[in-house]
Amino acid sequence: MIGSRKNGGRASPFLLVFLSFGFFLATYNLLILVMHKTGRGGFTEELRDPVITRPDELREGTGAKFHVALTATDAPYSKWQCRVMYYWYKKMRDMPGSDMGGFTRVLHSGNSDNLMDEIPTVVVDPLPEGLDRGYIVLNRPWAFVQWLDKATIEEEYILMAEPDHVFVNPLPNLAHGNHPAAFPFFYIKPTENEKIIRKYYPEYKGPVSNVDPIGNSPVIVKKSILEKIAPTWMNVSLRMKDDPETDKAFGWVLEMYGYAVASALHGVRHILRKDFMLQPPWDTEVGQKFIIHYTYGCDYNMKGELTYGKIGEWRFDKRSHLRGPPPKNLPLPPPGVPDSVVRLVKAVNEASANIPNWDTL
């Protein structure tokens, strides 16, 4: 059974059976890969409520290094983002206040690509054909299951990251002991979707408010805890995708709900850090936040006014560059555009100016 990869997890046998689905057990060699692991004990410490802030003296980090794990595909769109992300990781890694350790691009295409010599990479397999039903993000939890099984990871903690992340300040280890740190997403609302959440998080496990309003990224988590969560995360996400009501309700954030529910099933509560990340154009100031997540398009007129939903006279949108990297020296936004957007474009420009073979690789 996939969900029982670790004997020491908190989920009951009944729940693990509940999480299984027969058709998947017949595919691939997943069962063999996952079940040979031994347990490492359960969790004893719990939070009554997510912690929103921590004392200022902890901002500089606990000193415990974390490994940066970046899941990615071999598409050109993913590659250029990974190159920018890795550039800024290297620049921030050794700065004061950083607890960054090693770095791995977890490439879930099943094959090597032409970034293997530039970015430390481990190749893992995608889900069996057709299982993701066109929802490529479902490969993420399966990628982590494989990577955790096959890789040698020196650090005690792991940061789960994505290609469209840019480090803008040195990142300390925001986790605290067995409590991972995560960014709270305003659109992940477990309590407002109780009917659906209860399909995967039964009442005997506790209130739906135990499910944190997060996705898997960015999250800093103990490696031993992620090893327990990852198989359940994969199972829950696949079951959600297989349920029409859940699929319709959660859409492209379904896998994020999958991680949130899987964590709650194992009794894991996250420290919620609003300063973990900012998302232009809605977040306007970088300040002391740590990661820019450029998932939204940034459209402005030449007066510096946001024209979201309408292509602006000036724009930066990663989706404008699906087939290859953006050109070097992108034009900066017009006067009046928020600092977060200006900082993002400058970060992309700096990376493209300094990465060899930017236009030709």
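Below, each value reflects all heavy atoms present in this structure, side chains not excepted, and no hydrogens, waters or symmetry copies.
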Minimum side-chain heavy-atom gap [X]-[Y] below 4.5 Å:
| X | Y | result |
| --- | --- | --- |
| Leu278 | His293 | no |
| Glu118 | Leu361 | yes |
| Ile220 | Phe276 | yes |
| Tyr157 | Lys223 | no |
| Phe316 | Val341 | no |
| Trp80 | Lys318 | yes |
| Gln288 | Asp275 | no |

| request: Applying side chain to side chain contact (heavy atoms under 4.5 Å, CB included), name anything that partners Asp113, two or more places apart in sequence or on another chain. | output: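 Checked Asp113 against side chain to side chain contact (heavy atoms under 4.5 Å, CB included); matches are Asp74, Lys79, Arg105, Leu107, Leu115, Met116.
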
Using 4.0 Å as the upper bound for N to carboxylate O, is an ion pair formed by [Y] and [X]?
| X | Y | answer |
| --- | --- | --- |
| Glu255 | Lys241 | no |
| Asp242 | Arg133 | yes |
| Glu156 | Lys65 | no |
| Lys310 | Asp299 | no |
| Lys91 | Glu350 | yes |

same_hphob_cluster([X], [Y]) at 4.5 Å side-chain heavy-atom cutoff:
| X | Y | answer |
| --- | --- | --- |
| Tyr87 | Leu159 | yes |
| Trp88 | Val342 | no |
| Phe183 | Trp282 | yes |
| Val345 | Ile311 | no |

| field | Residues which pass side-chain hydrogen bond (donor to acceptor under 3.5 Å, both in side chains) with Thr73, listed by chain and number, not counting sequence neighbours | value |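 With neighbours one apart ignored, the set is empty.
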
Backbone of [Y] reached by a side-chain donor or acceptor of [X] within 3.5 Å:
| X | Y | answer |
| --- | --- | --- |
| Arg269 | Asp212 | no |
| Ser237 | Asn235 | no |
| Asn173 | Ala175 | yes |
| Asn193 | Lys189 | yes |

| request: Could you pull out the closest heavy-atom pair between Gly206 and Tyr201, with the gap in Å? | output: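 Smallest interatomic distance, heavy atoms only, reads O-CE2, 3.5 Å.
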
| message | I need the minimum non-hydrogen distance between Gly102 and Tyr89, along with the two atoms involved. | response |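 Answer, listing the atom of Gly102 first, then Tyr89: C-OH, 3.5 Å.
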
| request: Assess the side chains of Tyr200 and Thr246: does a donor N or O sit below 3.5 Å from an acceptor N or O? | output: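 Side-chain D/A pair, Tyr200 to Thr246: present.
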
| query | What residue among Arg140, Met85, Gln81 forms side chain to side chain contact (heavy atoms under 4.5 Å, CB included) with Glu162? | reply |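 Testing each of Arg140, Met85, Gln81 against Glu162, the sole residue satisfying side chain to side chain contact (heavy atoms under 4.5 Å, CB included) is Arg140.
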
| task | Step by step, work out the side-chain contact (heavy atoms from CB on, under 4.5 Å) result for Leu332 and Asn349. | result | CA-CA 9 Å; Leu332 293 179; Asn349 281 345; 4.3 Å; yes

Are [X] and [Y] close enough that their ring centres sit under 6.0 Å apart?
| X | Y | value |
| --- | --- | --- |
| Phe167 | Phe290 | no |
| Tyr259 | His270 | yes |
| His67 | Trp147 | yes |

